[in-house]
Chemist: 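Got a structure for you, written out below as C-alpha cells; questions coming shortly.
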Amino acid sequence: MARYHIETYGCTSNRGETQQIERSLREGGHHPADGPEEADVAILNTCTVLEKTEQNMLRRAEELDEATPGDLVVTGCMALAQGEEFEQAGVDAEVLHWDDVPQHVLNGECPTVTPDTEPVLNGVVGILPIARGCMSDCSYCITKQATGRIDSPPVEENVEKARALVHAGAKELRITGQDTGVYGWDRNQGDSLLPELLDRICAIDGDFRVRVGMANPKGVHGVREELAAVFAENEELYNFLHAPVQSGSDGVLADMRRQHAVEEYVEVVETFDERLDYWTLSTDFIVGFPTEDPADHAQSMALMRETRPEKINVTRFSKRPGTDAADMKGLGGQTKKDRSKAMSELKMDLVGEAYEEMIGTERSVLLTEDGREESLVGYDEAYRQVVVADGEARGLEVGDTVDVEITSHNTVYAFGEPL
Ligand code: SF4
C-alpha cells in the first residue's frame with residue numbers, strides 16, 4: 001500500500017476534490033506520509049485563477065518533483081487546462097483528472113465508498129460538492145476546459161451525502177460547485193434544483209448550518225423567489241449569497257459571455273433584500289476587461305454603490321491562455337491599475353460600513369477554527385467572520401455556537417464578546 005502526500009490550492013471546490021481523492025485512497029488502504037520526502041506518490045491539486053498562481057504551481061511542482069522519491073501526480077484546474085506547462089518546465093509528473101488520481105494510485109482496484117466515512121475538516125466543516133461543471137462559456141475562463149458542462153447527481157444522492165457529513169459530526173456544511181445556481185439544470189429542463197436540495201438538506205436531523213457556495217446570477221435569477229423563501233424559512237442556512245456579477249455594464253457582460261444582465265443581478269439582490277433582514281451579499285468584479293471603457297467602469301462603480309455588497313472580490317483582468325478574451329486587445333497596465341485602485345477603495349468603504357453597522361448587535365456565532373493568540377474564529381448567521389478572543393479561557397472550543405455582542409472590527413473580521 002502506498003504512502004501519499006497531497007497538497008491543495010485554490011477554492012473550496014478544489015478542497016472538496018481533494019477530500020474525495022483522500023477518501024478513496026484511505027479506503028484502498030493507503031495512508032498519508034510525513035511529507036513528500038516519505039511519499040510513494042506526491043499529489044499536487046492545482047489552481048489556475050491568476051497568472052501568479054500558475055507560477056506558484058509550477059514552482060511547487062518542481063519542488064515536489066525534487067523532494068519526493070516517488071511519483072508526482074498533478075491534478076486540478078491548472079493541470080487539466082495547461083498540463084503541458086509542467087512538461088515544458090521539465091517537471092516529471094503524471095497529469096490526471098481528479099477522478100483518475102485514486103485509480104492511478106490504487107493501481108486499477110475499485111475503491112468502495114461508504115457514505116458515512118466522509119472526512120470532516122477540523123472536526124466541524126464538511127465540504128459537500130453538489131455538482132461539477134457549469135452552464136456558461138465565459139470568454140475569459142480557463143476552468144471550463146477542465147470541468148465541462150454541469151453534471152448534477154440527483155437531489156437524493158446529495159441529501160444522503162449531507163446526512164453522512166452531519167452524522168460524521170459536521171456542524172457546518174459547505175455546499176460547493178463551479179456554479180451551485182445551475183445545480184440540476186441538466187436533469188430538470190433548465191430549472192435549478194438548488195432550492196429543493198437546500199430545503200431537503202435543512203430537514204436533516206441534527207445541529208448544523210449550511211453555507212451555499214458560488215452561484216452565478218443567471219441560475220439564481222430563475223429561482224430567486226423560491227430560493228430567497230428557502231433562506232428565510234430555514235435557520236440552518238447562513239443568510240449568505242455569493243453571486244459574482246463581474247461588471248456593471250451589459251456590454252462588457254456580453255463580451256465576457258456571462259449570460260446574465262445587470263438587471264437580473266439587481267433583481268436577485270432586491271428579492272433577497274425583501275425576504276431577509278440580515279444577510280450578506282458577496283460578489284466579484286473583474287476590473288480592466290479588454291473592452292471595458294471609462295463609462296463601463298463607472299457603471300461597475302455605480303452598481304457597487306447601489307447594491308452595497310458586504311463582501312467583494314475585485315480582480316484585475318489577466319489573460320488566460322487559450323481563452324477568447326486572451327485574443328482581445330488589452331487595456332494598458334496603468335489604466336487597469338487605476339481602475340482597480342478606485343474599485344478597491346470603494347470596496348473598503350462599503351465593507352467597512354457593513355462592519356460598522358454590526359457593532360453593538362448580538363450575533364450567534366458557530367466557531368469553526370482556531371485563530372491567532374488563543375482566539376477562536378467563526379461565522380455569524382450571515383456568514384460574517386467573527387473573532388472571539390481568549391476562547392479556551394472562556395471554556396469555548398471549535399464546534400461550539402456562542403452568542404456574542406459585536407464590539408469592534410478590522411478590515412476582515414468583526415470581534416465579538418460572549419454574552
Ligand atoms: S461559470 Fe464561467 S467562469 Fe465559472 S467555470 Fe463556468 S465558464 Fe468558467
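All residue numbers in this chain count up from 1 along the given sequence. When a ligand or atom number is given, it counts from 1 through the structure's own listing order.
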Chemist: May I ask you to list the atoms of ligand 1 that are less than 4.0 angstrom from any heavy atom of Asn216?
Modeler: 1 (S)
Chemist: Does a side chain donor of either Asp255 or Thr291 reach within less than 3.5 Å of an acceptor in the other side chain?
Modeler: yes
Chemist: Can you list the atoms of ligand 1 that are under 4.0 Å from a heavy atom of Cys134?
Modeler: 1 (S), 5 (S), 6 (Fe), 7 (S)
Chemist: Just one of Leu198, Leu193, Ile175 clears the side chain to side chain contact (heavy atoms under 4.5 Å, CB included) bar with Ile130, so which one?
Modeler: Ile175
Chemist: If we ignore hydrogens and angles and just use 3.5 Å, is the side chain of Glu160 paired with the main-chain N or O of Glu156 as donor and acceptor?
Modeler: no
Chemist: Using a 4.0 Å cut-off to any heavy atom of Cys141, which atoms of ligand 1 qualify?
Modeler: 3 (S), 5 (S), 7 (S), 8 (Fe)
Chemist: Heavy-atom distance to atom 2 (Fe) of ligand 1: which of Gly177, Ser139, Cys138, Pro244 wins?
Modeler: Cys138
Chemist: Just by distance, with hydrogens left out, do Tyr278 and Asp380 show a side-chain donor and acceptor under 3.5 Å apart?
Modeler: yes
